[in-house]
Amino acid sequence: MSSDRKLTPLGEDFSAWYNEVVLRAELVDYTPVKGSLVIRPYGYAIWELIQGALDGMFKATGHENAYFPLLIPESLLAKEAEHIEGFAPQTAVVTRGGGKELEEPLVIRPTSEAIIWPIMAGWIQSYRDLPLLINQWANIVRWELRTRPFLRTLEFLWQEGHTAHATQEEAEAEARQMLGIYRRFMEDWMAMPPVTGRKTEREKFAGADRTYSCEPMMQDNRALQAATSHNLGQKFSRAFEVKFQTEAGEHDYVWSTSWGASTRLIGGLVMTHGDDVGLILPPKLAPIQVVVVPIYKSSAERASVLEAAERIRASLDRNVRVKVDDRDTLNPGAKFYEWERKGVPVRLEIGPRDVAAGQVMVVRRIVFGDAERKVAMGESEAIAMLEGLLETMQAGLHERALDRRERNSYRGLKDYGEFKQIMSQSGGYIYTGWCGGEECESKVKDDTKATIRVIPDPEFRSDDAPDKCIACGAESTNEVVWARAY
RNA sequence: CGGGACGUGGCGCAGCUCGGUAGCGCGCCUGAAUGGGGUUCAGGAGGUCGCGGGUUCGAAUCCCGCCGUCCCGACCA
């Protein structure tokens with residue numbers, strides 16, 4: 001039966017396609033708890049690669065990892081007014097422990113500001129203790145009404161950075177620096193180029209002074225808020241009494257930031273690069289970059305083919321994540337489909353004919369330009385070119401994603417009717433003028449489901465940005481980027 | 001939480017209108033052959049039909065209630 005072997009085509013039903021890909025590429029599995037998913041070994045391996053890369057970037061900029069607890073006394077969460085207002089509806093709360101009602105309910109962290117700041121307050125007395133640069137890798141729980149694998153689940157994995165600074169300028173620089181790190185990670189590792197910028201008041205983090213965001217475009221032309229960085233000003237330090245003595249001997253509240261990225265990034269990876277066959281992984285984040293599929297008939301052939309496969313694996317092993325698929329239970333064609341569905345960038349096929357000729361068949365998961373998908377190559381030649389090929393594919397995926405984003409971006413639009421038409425059909429990023437009024441944001445959202453993703457950073461702004469608000473026609477204060485989002 | 005669709009071996013589904021004790025494909029197990037794009041044959045295991053109640057001699061099928069999943073919305077990383 002071939003019907004359940006093929007995926008729903010991406011262009012036919014993007015949601016169905018996405019769900020099928022994450023399940024059939026063995027990234028996730030469902031559990032008895034609604035909206036709470038297992039990340040399977042193959043999916044978790046991608047997360048570990050993401051973690052490794054981001055963690056290195058954080059440490060290179062002076063951050064240290066720590067771990068704060070899962071449970072937060074309800075009263076602490078309530079200390080920052082905007083924060084509790086924003087998060088209270090989404091929290092899970094523990095009311096019993098050890099068989100008794102608790103005197104004070106404990107909130108399962110929806111984010112950790114409220115437990116981190118009361119504790120870090122004790123670590124800071126003087127300007128000499130600043131900046132304090134902490135990151136943690138953790139799980140958090142937000143009681144979402146509607147969930148989707150990776151994109152929105154009850155529990156998810158993320159990292160959250162929390163920093164304290166002596167001045168507003170330093171905190172702002174930190175928030176911007178971390179946004180830049182996320183952007184660079186998305187471009188260099190994920191091949192998922194975001195538009196970056198600042199969130200509007202309506203869209204910012206609950207309790208932040210300013211929120212910055214990375215917003216890559218998915219293949220259905222919707223935006224994914226893929227990482228955020230917040231300048232919290234002194235809101236949290238005032239709420240949690242985080243004070244320090246300045247060089248001049250005065251007392252002041254610290255200036256803080258927080259910034260985070262989650263397993264949602266994996267969903268972004270799927271929706272940015274996948275196709276009708278399944279997942280396509282950028283080589284830098286592929287748990288298996290090269291899979292070797294041996295092909296043989298007799299046991300004599302099996303021995304010589306596996307020997308050659310092992311030789312190739314060993315010579316690639318130092319610089320490439322390579323796996324020999326020596327399972328005897330599947331025929332080669334079935335393995336081809338499986339590894340393509342799982343997004344492995346390069347496959348090497350090696351059979352008796354190849355062993356005899358000292359060659360291998362090099363097959364690419366995706367082809368750019370006029371390259372051949374499948375080419376026979378001398379064994380040592382293939383080994384020598386593979387690293388370069390992986391780099392080429394990484395670059396090709398980035399270029400393709402960037403090109404798609406820009407092709408589906410609209411600039412200089414002044415007519416609201418046209419705006420509505422684009423949003424109701426293809427969707428995409430629309431750059432327009434905006435008066436700064438929340439009423440106009442609401443109106444556009446009601447009309448089109450699109451929201452302001454960001455007030456874009458300078459390098460994303462249009463030369464010919466319209467000077468009137470798209471919704472009300474009043475003088476524009478900022479160019480903004482609209483899109484429907486996840 | 002509002003609107004829609006759907007819950008039947010691991011997965012995808014048929015059977016339900018017109019009640020009679022469950023079937024197909026894939027997968028799985030055993031064996032043999034096969035192996036350069038989802039291989040074939042033979043044999044085999046596996047289901048109290050989402051849960052609870054009701055009607056009936058008899059319920060996957062009819063009735064009531066509940067739970068869950070997916071899609072579209074509201075909320076949100």
Side-chain angles (χ1 to χ4, degrees), chain A residues 1-8 13-20 23-24 29-35 37 85-91 110-111 139-160 182 199 202-206 211 213-215 223-230 258-268 277-278 293-299 301-302 305 327-341 347-355 357 359-361 363 373-374 376 442 445-446 449 451 453 484-486:
Chain A
M1 187 57 87
S2 65
S3 61
D4 59 348
R5 286 183 168 180
K6 294 230 188 308
L7 299 167
T8 299
D13 182 342
F14 195 76
S15 289
W17 169 84
Y18 177 81
N19 285 323
E20 289 170 27
L23 278 171
R24 295 193 47 200
D29 204 356
Y30 290 101
T31 72
V33 181
K34 182 184 179 180
L37 301 188
E85 193 188 329
F87 281 106
Q90 314 180 237
T91 55
T111 175
N139 58 338
I140 61 178
V141 168
R142 296 183 186 177
W143 213 261
E144 301 290 350
L145 299 176
R146 188 173 157 215
T147 58
R148 309 193 63 185
F150 293 119
L151 303 175
R152 181 161 294 108
T153 48
L154 286 199
E155 177 182 354
F156 58 95
L157 304 181
W158 77 346
Q159 58 68 219
E160 46 181 324
Y182 288 132
K199 289 288 190 186
R202 179 197 164 103
E203 300 282 331
K204 76 177 191 191
F205 175 73
T211 289
S213 179
C214 289
E215 305 271 340
L224 182 73
Q225 183 171 309
T228 49
S229 179
H230 317 289
S258 71
W259 27 275
S262 73
T263 38
R264 171 178 257 203
L265 289 172
I266 299 172
V277 177
V293 178
I295 297 158
Y296 48 79
K297 297 192 180 91
S298 65
S299 60
E301 281 179 355
R302 181 172 192 273
V305 166
R327 288 176 296 178
D328 218 5
T329 51
L330 295 177
N331 77 356
K335 293 179 183 177
F336 299 165
Y337 279 103
E338 175 172 337
W339 295 117
E340 283 172 8
R341 188 165 60 240
R347 173 173 79 239
L348 301 181
E349 302 173 15
I350 180 157
R353 297 203 296 266
D354 302 303
V355 174
Q359 65 174 32
V360 293
M361 194 63 81
V363 188
R373 191 177 85 94
K374 203 166 170 174
S442 299
K445 186 172 185 185
D446 291 344
K449 297 176 202 159
T451 51
R453 301 321 301 159
R484 290 187 188 172
Y486 277 96

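These numbers were taken from a predicted model, which means no experiment stands behind them. Below, read A as the first sequence line, B as the second, and so on, with proteins coming before strands; counting in each chain starts at 1.
- Under the 4.0 Å criterion applied to side-chain N and carboxylate O atoms, A:Glu215 and A:Lys199 are assigned as salt-bridge partners.
- Put simply, CG on A:Asp446 is 14 Å from C1' on B:C75, counting in whole angstrom units.
- Rounded to whole Å, the C1' atom of B:C28 lies 15 Å from the corresponding atom of B:G12.
- The phosphate of B:C71 (OP1 or OP2) has a side-chain N or O of A:Asn19 nearer than 4.0 angstrom.
- A salt bridge is absent between A:Glu203 and A:Lys445; no separation between the charged side-chain nitrogens and carboxylate oxygens falls under 4.0 Å.
- Separation of the C1' atoms belonging to B:A14 and B:C64 is 27 Å when rounded to the nearest angstrom.
- At most 12 non-hydrogen atoms from other residues, nucleotides or ligands lie less than 6.0 angstrom from CH2 of A:Trp143.
- Distance noted for atom C1' between B:U34 and B:C41: 11 Å (whole Å).
- The base of B:G37 is paired with the side chain of A:Arg347 by a donor and an acceptor separated by under 3.5 Å.
- Rounding to whole angstrom units, CG of residue A:Asp13 and C1' of B:A5 are separated by 13 Å.
- Residue A:Lys297 places no side-chain N or O under 4.0 Å from the OP1 or OP2 atom of B:U39.
- For B:C71 and B:U30, the C1' atoms lie 42 Å apart once the distance is rounded to whole Å.
- Side-chain atoms of A:Arg484 stay outside donor-acceptor range of the base of B:G73, with no qualifying N/O pair under 3.5 Å.
- Protein atom CZ of A:Arg373 is 15 Å distant from nucleotide atom P of B:G36, rounded to whole Å.
- For the C1' atom pair drawn from B:C67 and B:C29, the interatomic distance equals 34 Å after rounding to whole Å.
- Listed pair A:Thr329 / B:G35 fails the phosphate criterion, with no side-chain N or O lying under 4.0 Å from OP1 or OP2.
- No hydrogens or angles were tested; on distance alone, nothing pairs the side chain of A:Glu301 with the base of B:G35 as donor and acceptor under 3.5 Å.
- Helical stems in RNA chain B, defined as runs of 3 or more consecutive Watson-Crick or G-U wobble pairs with both donor-acceptor distances under 3.5 Å, are listed by first residue as B:1-7 with B:67-73, B:10-13 with B:23-26, B:28-33 with B:39-44, B:50-54 with B:62-66.
- Rounded to whole Å, the separation between the P atoms of B:G2 and B:C66 comes to 12 Å.
- The distance from atom CG of A:Asp29 to atom C1' of B:C11 is 11 Å, rounded to the nearest whole Å.
- Spacing between B:C11 and B:G27 at atom C1', rounded to whole Å, works out to 7 Å.
- Here A:Lys449 lies in heavy-atom contact (under 4.0 Å) with sugar-phosphate atoms only.
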